[in-house]
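The structure under discussion appears below in the form of structure tokens.
Worth knowing before you read on, the calculation uses all heavy atoms, side chains too, and leaves out hydrogens, waters and symmetry mates. Small disclaimer: the values here were computed from a predicted structure and weren't measured.
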Amino acid sequence: QVPQVTKAKELPQWQELLNGQVRCRPCNKLLDEQHLSTESHKTKLERWKQAWELEAEGYRAPELPYLAWVPYEGTRALMCLLCRKSGRPNGTWVSDAST
């Protein structure tokens with residue numbers, strides 16, 4: 001449900017009050033019922049929450065020695081240092097835990 005607020009401190013971290021309107025930070029869109037119901041929003045929100053928790057708690061060293069957290073678009077992303085492609089001489093981004 002779309003919150004009715006007048007103060008930014010009443011909002012969850014993933015929302016912001018801008019010019020009197022509530023915006024979704026992960027999607028950078030106005031918050032309304034339609035936006036909240038989209039799969040794109042749900043996916044971006046989940047990723048945003050995971051990244052926010054990592055920033056708040058700190059990045060634990062990956063279990064596998066050939067994985068590393070590297071800077072990426074203002075945050076960090078997991079990279080495999082063994083998997084090298086011609087366009088990525090330093091490694092390849094890890095897309096999920098099983099690959």
Side-chain angles (χ1 to χ4, degrees):
Q1 191 172 18
V2 178
Q4 299 296 319
V5 297
T6 57
K7 298 177 185 172
K9 65 182 179 181
E10 298 173 3
L11 296 172
Q13 283 285 33
W14 61 274
Q15 297 173 11
E16 66 180 334
L17 190 61
L18 188 63
N19 298 326
Q21 297 180 325
V22 180
R23 295 188 63 83
C24 174
R25 288 178 193 250
C27 304
N28 195 29
K29 294 185 177 182
L30 290 177
L31 204 61
D32 61 21
E33 293 294 333
Q34 181 180 353
H35 176 71
L36 290 173
S37 67
T38 64
E39 287 303 314
S40 175
H41 164 73
K42 293 173 186 175
T43 300
K44 288 178 182 178
L45 178 58
E46 186 59 34
R47 288 183 183 156
W48 188 92
K49 285 180 177 179
Q50 290 172 353
W52 191 81
E53 288 174 6
L54 283 172
E55 288 290 335
E57 297 173 6
Y59 289 86
R60 294 188 192 112
E63 291 181 26
L64 301 172
Y66 48 83
L67 298 180
W69 291 105
V70 297
Y72 177 72
E73 294 184 356
T75 184
R76 294 179 186 217
L78 203 55
M79 180 177 272
C80 175
L81 302 176
L82 294 177
C83 301
R84 301 194 192 285
K85 294 182 181 179
S86 61
R88 288 269 178 219
N90 296 328
T92 302
W93 301 116
V94 174
S95 57
D96 62 66
S98 65
T99 56

Leu54 and Leu64: same hydrophobic cluster, using ILVMFWY side-chain contacts below 4.5 Å? yes
Would Leu30 and Val22 show up in the same hydrophobic cluster when neighbours are defined by side-chain heavy atoms closer than 4.5 Å?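 No; tracing contacts between hydrophobic side chains, which count when under 4.5 Å, never links both residues.
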Across all chains, not counting sequence neighbours, the side chain to side chain donor-acceptor pair (under 3.5 Å) partners of Asn28 are Arg23
Please determine whether side chain to side chain contact (heavy atoms under 4.5 Å, CB included) holds for the pair Leu78 and Trp69, giving the CA-CA distance in whole Å, both sets of side-chain angles, and the decisive distance to 0.1 Å. CA-CA 5 Å; Leu78 203 55; Trp69 291 105; 3.8 Å; yes
Indicate the atoms forming the closest heavy-atom contact of [X] with [Y], along with that distance.
X     : Y     : value
Cys83 : Thr92 : O-OG1, 2.8 Å
His35 : His41 : NE2-ND1, 3.1 Å
Leu31 : Trp14 : CD1-CZ3, 3.9 Å
Leu11 : Leu17 : CD1-N, 3.6 Å
Gln15 : Arg25 : O-NE, 3.3 Å

Sequence neighbours excluded and cut-off under 3.5 Å, please list the side-chain donor-acceptor pairs for residues 43-53, or say none.
unit_1	atom_1	unit_2	atom_2	d
Thr43	OG1	Glu39	O	3.0

Does OH in Tyr59 sit with more than 12 non-hydrogen atoms of other residues, nucleotides or ligands closer than 6.0 Å?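 Atom OH in Tyr59 is crowded, with more than 12 foreign heavy atoms closer than 6.0 Å.
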Test of understanding: with salt bridge (charged side-chain N to carboxylate O under 4.0 Å, His left out), list the residues that count as partners of Glu57, not counting sequence neighbours.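 Salt bridge (charged side-chain N to carboxylate O under 4.0 Å, His left out) check on Glu57 returns Arg60.
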